[in-house]
Amino acid sequence: MQRLYNKTILITGAAQGIGASCAKQCIEQGAYVFISDIDSKKGTDLANTMRGRCEFIPLEVSSVEQWQEVDKYFRLNNICIDGLINNAGITGFIETNGPHDPEHLNLDSWHSVMETNLLGTVLGCKYGIKWLKANGGNIINISSRSGLVGIPGAAAYAASKAAIRIHTKTVALYCAQQRYDIRCNSIHPAAIYTSMWDSMLGEGKQRESAIKQICADIPLGVMGEPNDVAHAAIYLLSDESKYITGTELNIDGGILAGSAATPA
């Protein structure tokens with residue numbers, strides 16, 4: 001039996017990386033998926049490979065107006081969703097001018113990271129509650145290992161992911177208080193090999209050396225794959241996790257179990 005049979009899931013930032021893996025896994029488990037992203041080409045190309053089980057909708061998660069457009073589209077087409085994965089996020093290293101350390105941080109860069117990561121998730125939860133409260137469902141917020149420990153060179157990213165962790169618990173308790181059949185949980189990935197790492201790892205021998213150094217601080221000795229996060233998301237979206245809300249799930253190869261939690 002497919003674990004998400006006949007469910008409809010919306011995933012933000014789903015054109016590549018962890019979001020794309022979540023989309024593929026949801027479809028394999030019987031769901032219909034709405035892929036949303038700011039990259040229309042990648043999003044549309046991915047949706048076109050899913051053989052009718054997927055649809056792309058453009059969404060800049062920090063824009064209230066674009067969330068309203070998605071809401072309007074759902075209402076006009078009588079679409080009811082069963083789950084939402086707030087996955088869209090940026091480190092700020094590529095997307096902004098920086099720097100990102102606490103002493104020298106650039107305020108425009110700080111606000112850009114916060115608007116995408118935190119505001120985008122807050123808006124996702126706001127509309128997710130609206131869409132799910134009638135029939136119930138699940139919200140998953142993708143936080144990070146960086147939301148649990150300090151990151152000296154990425155103050156905005158760490159602060160945004162920490163805020164997502166706490167907002168998740170707030171949403172979970174609010175929905176329980178209101179007697180909405182909505183569960184909300186966070187996933188905290190670390191050292192998951194996606195394209196986000198490309199600009200930081202370099203090429204050739206430099207890349208090999210960087211990956212080796214990263215793996216040396218991971219108890220399991222290897223970097224994770226996007227599917228490792230996607231499998232966890234499937235569990236939290238499914239009825240198997242019906243008694244879990246307001247919790248956090250670390251997908252990190254054991255990093256947070258030891259003393260190497262904060263990267264250099």
With no hydrogens and no angle check, is any side-chain donor or acceptor of [X] less than 3.5 Å from a backbone partner on [Y]?
{"X": "N87", "Y": "G13", "result": "yes"}
{"X": "Q2", "Y": "L4", "result": "no"}
{"X": "S143", "Y": "I187", "result": "no"}
{"X": "R183", "Y": "Y243", "result": "no"}
{"X": "K133", "Y": "R179", "result": "no"}
{"X": "S241", "Y": "I244", "result": "no"}
{"X": "D82", "Y": "T8", "result": "yes"}
{"X": "H167", "Y": "T121", "result": "no"}
{"X": "S21", "Y": "A230", "result": "no"}
{"X": "E95", "Y": "G92", "result": "yes"}

Which atoms form the tightest heavy-atom contact between [X] and [Y], and what is the distance?
{"X": "S238", "Y": "R3", "result": "CB-O, 3.9 Å"}
{"X": "I251", "Y": "A232", "result": "CD1-CB, 3.8 Å"}
{"X": "E248", "Y": "K169", "result": "OE1-NZ, 3.0 Å"}
{"X": "P219", "Y": "G254", "result": "CG-O, 3.2 Å"}
{"X": "I255", "Y": "A191", "result": "CD1-CB, 4.2 Å"}
{"X": "V70", "Y": "P58", "result": "CG2-O, 4.4 Å"}

So do [Y] and [X] actually touch side chain to side chain, heavy atoms under 4.5 Å?
{"X": "I79", "Y": "Y73", "result": "yes"}
{"X": "L249", "Y": "N185", "result": "no"}
{"X": "P189", "Y": "D252", "result": "no"}
{"X": "Q68", "Y": "V64", "result": "yes"}
{"X": "P226", "Y": "I192", "result": "yes"}
{"X": "I129", "Y": "Y180", "result": "yes"}
{"X": "I90", "Y": "N117", "result": "yes"}
{"X": "Q16", "Y": "T194", "result": "no"}

So among [options], which one has a side-chain contact (heavy atoms from CB on, under 4.5 Å) with [X]?
{"X": "I9", "options": "L84, I234, L237", "answer": "L237"}
{"X": "L10", "options": "I85, I35, V33, I57", "answer": "I57"}
{"X": "I182", "options": "N135, T245, I139", "answer": "I139"}

| If you count the non-hydrogen atoms of other residues, nucleotides and ligands that lie under 6.0 Å from CZ in R51, is the total more than 12? | no
| said: Atom CG of residue position L119 - does it have more than 12 heavy atoms of other residues, nucleotides or ligands inside 6.0 Å? | reply: yes
| Excluding sequence neighbours, so at least two apart, what forms salt bridge (Lys or Arg N to Asp or Glu O under 4.0 Å) with K24? | none
| task | Report the C-alpha separation of K42 and D37 in whole Å, then their side-chain angles, then the decisive distance to 0.1 Å, and conclude whether the salt bridge (Lys or Arg N to Asp or Glu O under 4.0 Å) test is met. | result | CA-CA 9 Å; K42 285 185 178 179; D37 205 284; over 6 Å; no
[atom1]/[X] to [atom2]/[Y] distance, rounded to the nearest 0.5 angstrom?
{"X": "C175", "Y": "D181", "atom1": "SG", "atom2": "CG", "value": "9.5 Å"}
{"X": "Q213", "Y": "I218", "atom1": "CD", "atom2": "CD1", "value": "11.5 Å"}
{"X": "K72", "Y": "N77", "atom1": "NZ", "atom2": "CG", "value": "11.0 Å"}
{"X": "K7", "Y": "Q29", "atom1": "NZ", "atom2": "CD", "value": "12.0 Å"}
{"X": "I11", "Y": "C54", "atom1": "CD1", "atom2": "SG", "value": "8.0 Å"}
{"X": "T12", "Y": "E60", "atom1": "OG1", "atom2": "CD", "value": "10.5 Å"}

Connected via hydrophobic side-chain network under 4.5 Å: [X] and [Y]:
{"X": "M50", "Y": "F34", "answer": "no"}
{"X": "L236", "Y": "I81", "answer": "no"}
{"X": "I140", "Y": "L118", "answer": "no"}
{"X": "Y127", "Y": "L59", "answer": "yes"}
{"X": "L46", "Y": "I142", "answer": "yes"}

| Who passes side chain to side chain donor-acceptor pair (under 3.5 Å) against N141, sequence neighbours left out? | N86, T168
| request: Could you list the residues that satisfy side chain to side chain donor-acceptor pair (under 3.5 Å) with S209, not counting sequence neighbours? | output: none
| said: Exactly one of W110, F93, Y157 should register a ring-ring contact (aromatic ring centres under 6.0 Å, His included) with H100. Which one does? | reply: F93
| said: Students often mix this up, so state it plainly: with edges at 30° and 60°, are the rings of W67 and W131 parallel, tilted or perpendicular? | reply: tilted
| field | Cationic N near anionic O, under 4.0 Å, K126 to D71 | value | no
